[in-house]
Amino acid sequence: MRAITIIRQLGQVVLAIAIAPVFAGWIAQCRAWLQNRSAPPLRQTYYMLRKLFSKDAALAQTASPLFRVTPYVLFGTMVLAAAIIPSLATDLPFARAADAIALIGLFATARVFLSLAAMDIGTAFGSMGARREMMVGFLAEPALLMVLFNAFLLFGSTALPALVDNHRAHPSIIDPSVIFAAVAFVMVLLAENARIPIDNPATHLELTMIHEAMLLEHSARHLALVEWASSLKLFNYACIGFALFVPWGIATHGADGVAAMLISIAALLVKLIVAGAALALIETFSAKLRIFRAPEYLAMAFLLAVLGLLVHLLLGVR
Amino acid sequence: MNSASIAALTAAVAGHQLRLLLFLVAAWGGLGVAGVLRPRGSRVVARVLFPLGAVVCLIVAIVAATFLLSGQAAQVMVLPLGLPDLPFHLRLDALSAFFLLLIGVAGTGISTFSAGYFRVGEGTPPGLMGLQYHVFLASMAMVILADDAYLFMVAWETMALASYFLVTSQHRIPEIRRAGFLYLLMAHVGAICILLSFGVLQGGSWQFTFDAMRHASLVPFWASTAFLLALLGFGAKAGLVPLHVWLPEAHPAAPSPISAMMSGLMLKTAVYGMLRVSFDLLHIRYWQWGVLVLALGLFSGLYGAIFAAVQTDMKRLLAYSSIENIGIIFAGIGLSILFETCNLHLFAALALCAALVHSLNHSLFKSLLFLTTGSVLHATNHRSLGKLGGLIRRMPWVASLALVGTLAIAGLPPLNGFVSEWLLLQAFLFTERIPHSFVNMFVPLGAAVLALTAALAAYVMVKFYGVVFLGQPREPSLAEAHDANWVERLGLIWLALGCIAIGVIPQLALRPASSVTGMLVGESIRTTGSIWFIAPVASRQASYSGIILLFGIIAVIGVTFLLVRLVAHGRVRRVATWDCGYPHQTARMQDTAEGFGQPIRHMFGAFFRIERDLPSPTDDPPRYRIRIEDRLWRAIYLPIARAVQWLADLVAVLQGGSLSIYLLCSFLTLIVLLVFVL
């Protein structure tokens, strides 16, 4: 194993950890501008984290060790996922540890831990949030899998690095199924990351909460880790989307120079800025759905992905 | 154990495995008989017989593993037992060795746990229980070793009867008697189908050895008939929808170790039988069979998961989850048949490998979970989810081991349930290459159904674990719950370690499974040559490494923990629960099992028959009742029951009590028979 790949691997993880809160802050900033509010600075999420880390933690008397471990597990899975997803380069030592399907599994592990921790205290809100979170999860997974099927049919792999390399090697592949898959992916991304129209990250209106309801009992450093993990999850999903649909700029196999490195970082930043603005736009223009409309929303994402699949098979491109 | 000693062991037993296994089966029989000699001696049974049984299980597993790993040719044997001119034929090949390995590994854990569990008697006298238990084990092994239809059916029926008596060990409770009857009935309907299937398979040679069936050439019609009969028969035993109705009744009725045996091991004998008939005995397969089995499997999977989500009894929930897992296994078998008939042998091997590994995984995690319900039941006397909760504080051992089982069965990396589901999804990716148009378009949707099933299973298991072990105790009596004793813990730890080991190093299960796929479809999945990765088709195509995921997560958690220690100087205070500031929290305000199932009832309403009793204004206290039933009961089973009743009533007309009519009937029967013969 060469030194450059290890450096790149470490660099990618550190960049992901550092940039994820800023990305979440950027979306919040764009939303504030779009809604004619004065926007918090980009560093705001860091201020929040610093404040939380310096506080005393208030832990419910009924909390079991499972509850205390969960923030670390969440953070651990999300950091590991950030090491696996090729956000900067495809030639990474960790990248072979999981393909895209295994990544979905890794996110599911985090979700199950978060839900179990929410049920651990034994409050009405916690278990309600856990139930809803698991519900959104099982509805989103088939749609996400169909998106990956689309990618597999186009580029012959579910391993993200190979997918990016194949995509870059044959940039001429333009298939109508990609559009369906991309729309479906964005819909799933919104649902999985507790954003409008499924959930509202800014809400504390008790009866509509999903994600926030599960965090009620976490405080101080535990809350900080959970929040950080949530922003990492959003970042990871965005990077999976980039790898699947807009892989330009990612350093491919064999591109080891400093120039390739700088280009990949610049490309990632540009993509994140655009994606954050787009997400803020979507969230501003849509309203939160009632919880029982969530199945319809995710069924639509699923059907779009299936349509993409059928379009590909019927048109027989390639 | 190092590789040199493994090699020495393999060399020592090479060529003798079948004889050794037969001896071990006889040892189980001997242990059973020893139990009958001391029917009331619960000390002897619990402290000597069950531990010895566990040792025998472990040796069976080791012997089967040496056979699989050394890749020897099949061993056959003829026993001079049975009817005149109809001796018992035995055979050990890769397929049977794999399932013996499964029985041995899971049986070790279950027998160890039973040694702790049956210290307290449960209905049947302990000695008799020991007999039934070990005969059950021995008959399962004989089903798998049988090489002729006669011995197979004898062992199959022994297995059904032994398990029937185990299910009805508390036969004084009417519901348990009813559950036992239903089980016996379904077992026999299934057995008849299997018998008929063997009758067709012999293809006019009237030789009932499996060897003769392998060489019989059947026309497509009769081959399909034999296949469908086998699917019905083995499907009834495995609990494939719509033949599943006995499963959610029989599993909760049995003592927990018996539920674990039935769900973890006995259902797998049906999987074994299905594989034996469809890949070994039948010389030809058709793609339509594959589509049928795939569709049935996926439907069972989804059906089981949906029903598991609305259960309020922890053992019924697990029983429905068994239906779900059997569905996944059959989906793998169906996909494998489909690929194999299209000459896509590598992908057939991949799907079959997924089915085999999932069988092994299910035998580990489902046994583990059923055994933990046994501990919970002993500690609390409650089976209903509405009366449990918060046991993680009173029973930390059972709770933490159950967490391993929960994460494994929910199909989460880096545990074993994920490995097999991942392999199956990988197999689904290649369905595009099936040369039948429309089939290749609709089969990918099967992957979506599988993903939905797996994700629903996670929902179900969060409900199971959350309601039983987390939250606040829903009954005051739960405060006296005690943890499992150390023997029980040992059994649970064995099974949990199995779940972790296969999840982290999937090669442990993939290598044995590969010898089976090599035998059945003539191809095996690719190996990467290192224990770090699995890449079933090609490394560039998809790879997975449980070991990196596990140690990666652990490493990140460790580093994070240390860094947080450095950065965060705040203390941790124990305070009252916040819950948005609501002051009066009671355990009744938590989500109930019914509440957790409510979104599923709402979304999949078409699957259920729901009866609601709403409270009327005059009720004191107001009562709200909801009953959820399987629609298939009214759609299929009750009409059949009514038809049988009607026929029986018709026949009963003859039974008037007058001797002359009976004599007339006998005479007429004789005449008819004579007409036929002459």
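Residue numbers start from 1 in every chain, and the chains themselves are labelled A, B, ... in the order their sequence lines are given, proteins ahead of strands. Basis for what follows: all heavy atoms, side chains included, without hydrogens, waters or symmetry-related copies.
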Seminar exercise, completed: Okay, B/Ala410 and chain A: the region with an atom under 4.5 Å from a heavy atom over there is neither
Seminar exercise, completed: In short, B/Phe596 meets A/Ala130 closest at the heavy-atom pair CZ-C, 4.5 Å
Problem set entry | B/Tyr459, part contacting chain A, at a heavy-atom distance under 4.5 Å | both
Problem set entry | Step-by-step ring pair (Phe, Tyr, Trp, His ring centres under 6.0 Å) determination, B/Phe428 to A/Phe152 | CA-CA 11 Å; B/Phe428 265 108; A/Phe152 177 82; over 10 Å; no
Exercise. Which heavy-atom pair separates A/Ala97 from B/Ile548 by the least distance, and what is that distance?
Worked result: CB-CG2, 3.6 Å
Exercise. Side chain, backbone, both or neither: which part of B/Ile600 has a heavy atom under 4.5 Å from chain A?
Worked result: side chain
For this session: Calculate, to the nearest 0.5 Å, the distance between atoms CG and CG belonging to A/Leu116 and B/Leu407 respectively.
Result: 7.0 Å
For this session: Report yes if some heavy atom in the side chain of A/Phe125 is under 4.5 Å from a heavy atom in the side chain of B/Met589; otherwise report no.
Result: no
Exercise. Are A/Glu217 and B/Thr577 close enough that some pair of their side-chain heavy atoms sits under 4.5 Å apart?
Worked result: yes
Exercise. Among B/Leu549, B/Val567, B/Thr586, which has the most heavy-atom pairs under 4.5 Å with chain A?
Worked result: B/Leu549
Exercise. At a heavy-atom separation under 4.5 Å, does B/Arg571 approach chain A through its side chain, its backbone, both, or neither?
Worked result: both
Problem set entry | Smallest separation among heavy atoms of B/Pro599 and A/Met135, with atom names | CB-SD, 3.5 Å
Exercise. Does the B/Gln541 side chain pair with the main chain of A/Ser157, one donor and one acceptor, at a distance under 3.5 Å?
Worked result: no
Seminar exercise, completed: Applying a strict 4.5 Å limit to non-hydrogen atoms, the region of A/Leu225 in contact with chain B is side chain
Problem set entry | Max heavy-atom pair count under 4.5 Å with chain B, selected residue of A/Glu141, A/Arg221, A/Lys55 | A/Arg221
For this session: For chain B, find which of A/Ala159, A/Ala162, A/Gly76 contributes the most heavy-atom pairs closer than 4.5 angstrom.
Result: A/Ala162
Exercise. With a 4.5 Å limit on heavy-atom distance, are the side chains of A/Arg111 and B/Val462 in contact?
Worked result: no
For this session: To the nearest 0.5 angstrom, please state how far the CZ atom of B/Phe551 sits from the CG atom of A/Leu80.
Result: 13.0 Å
For this session: Ignoring hydrogens and angles, tell me if any N or O in the side chain of B/Arg574 forms a donor-acceptor pair with the backbone of A/Ala63 under 3.5 Å.
Result: yes
For this session: Identify which part of A/Ile121 has an atom lying under 4.5 Å from any heavy atom of chain B, answering side chain, backbone, both or neither.
Result: both
Exercise. For B/Phe469, is it the side chain, the backbone, both, or neither that has a heavy atom closer than 4.5 Å to a heavy atom of chain A?
Worked result: neither
Exercise. Do the side chain of A/Ser127 and the main chain of B/Gln590 share a donor and acceptor less than 3.5 angstrom apart?
Worked result: no
Problem set entry | CH2 on A/Trp228 to OG1 on B/Thr560, rounded to 0.5 Å | 9.5 Å
Exercise. If every non-hydrogen atom of A/Pro142 is compared with every non-hydrogen atom of B/Ala451, which pair is closest and at what distance?
Worked result: CA-CB, 4.1 Å
For this session: Check the pair B/Arg573 / A/Leu59 against side chain to side chain contact (heavy atoms under 4.5 Å, CB included), numbers first and verdict last.
Result: CA-CA 6 Å; B/Arg573 286 181 292 126; A/Leu59 196 64; over 6 Å; no
Exercise. Side chain, backbone, both or neither: which part of B/Phe561 has a non-hydrogen atom closer than 4.5 Å to chain A?
Worked result: both
Seminar exercise, completed: Looking only at A/Thr158, A/Leu145, A/Thr77, most heavy-atom pairs under 4.5 Å shared with chain B are made by A/Thr158
For this session: Using modelled atom types only, decide if a donor and an acceptor are shared between the side chain of A/Arg131 and the backbone of B/Gly595 within a distance under 3.5 Å.
Result: yes
For this session: Might you point out which heavy atoms bring A/Leu139 and B/Met603 nearest each other, and give the distance in Å?
Result: CD2-SD, 4.0 Å
Problem set entry | Part of A/Ala220 lying under 4.5 Å from any heavy atom of chain B | neither
Problem set entry | Euclidean distance, A/Met134 CE relative to B/Met461 CE, rounded to 0.5 Å | 11.0 Å
Exercise. What part of A/Phe67 is in contact with chain B, defined as an atom under 4.5 angstrom from a non-hydrogen atom: side chain, backbone, both or neither?
Worked result: neither
For this session: Counting only heavy atoms closer than 4.5 Å, note whether B/Glu421 contacts chain A via side chain, backbone, both or neither.
Result: neither
Exercise. Checking heavy atoms, do the side chain of A/Ile101, its backbone, both or neither come under 4.5 Å from chain B?
Worked result: both
Exercise. B/Ile392 versus chain A, heavy atoms under 4.5 Å apart: side chain, backbone, both or neither?
Worked result: side chain
Problem set entry | Gap between atom CD of B/Gln472 and atom CD of A/Gln61 - 0.5 Å precision | 10.5 Å
Exercise. Hey, does A/Phe53 have a side-chain heavy atom less than 4.5 Å from the side chain of B/Val564?
Worked result: yes
For this session: Counting only heavy atoms closer than 4.5 Å, note whether A/Val13 contacts chain B via side chain, backbone, both or neither.
Result: neither
For this session: Against chain A, label B/Val537 side chain, backbone, both or neither, depending on which of its atoms sit under 4.5 Å from a heavy atom there.
Result: neither
Problem set entry | A/Arg50 portion near chain B, given a 4.5 angstrom heavy-atom threshold | neither
Exercise. With a 4.5 Å limit on heavy-atom distance, are the side chains of B/Phe418 and A/Thr109 in contact?
Worked result: no
Exercise. When heavy-atom pairs shorter than 4.5 Å are enumerated against chain B, which of A/Ile104, A/Val79, A/Val112, A/Leu144 gives the highest number?
Worked result: A/Val112
Seminar exercise, completed: Counting heavy-atom pairs under 4.5 angstrom with chain B, the leader among A/Ala102, A/Ala100, A/Ala98, A/Pro295 is A/Ala102
Exercise. Can any side-chain N or O of B/Ser543 pair as donor or acceptor with the backbone N or O of A/Arg96 at less than 3.5 Å?
Worked result: yes
For this session: Could you grab the distance from atom CD of B/Gln426 to atom CG of A/Asp99, nearest 0.5 Å is fine?
Result: 5.0 Å
Seminar exercise, completed: Note: vs chain A, highest number of non-hydrogen pairs under 4.5 angstrom among B/Ala542, B/Ala555, B/Ala448, B/Ala309 is B/Ala448
For this session: Answer yes or no: is there a donor N or O on one side and an acceptor on the other, between the side chain of A/Asp56 and the main chain of B/Val572, under 3.5 Å?
Result: no
For this session: With a 4.5 angstrom heavy-atom cut-off, could you sort out which part of B/Leu450 is near chain A: side chain, backbone, both or neither?
Result: neither
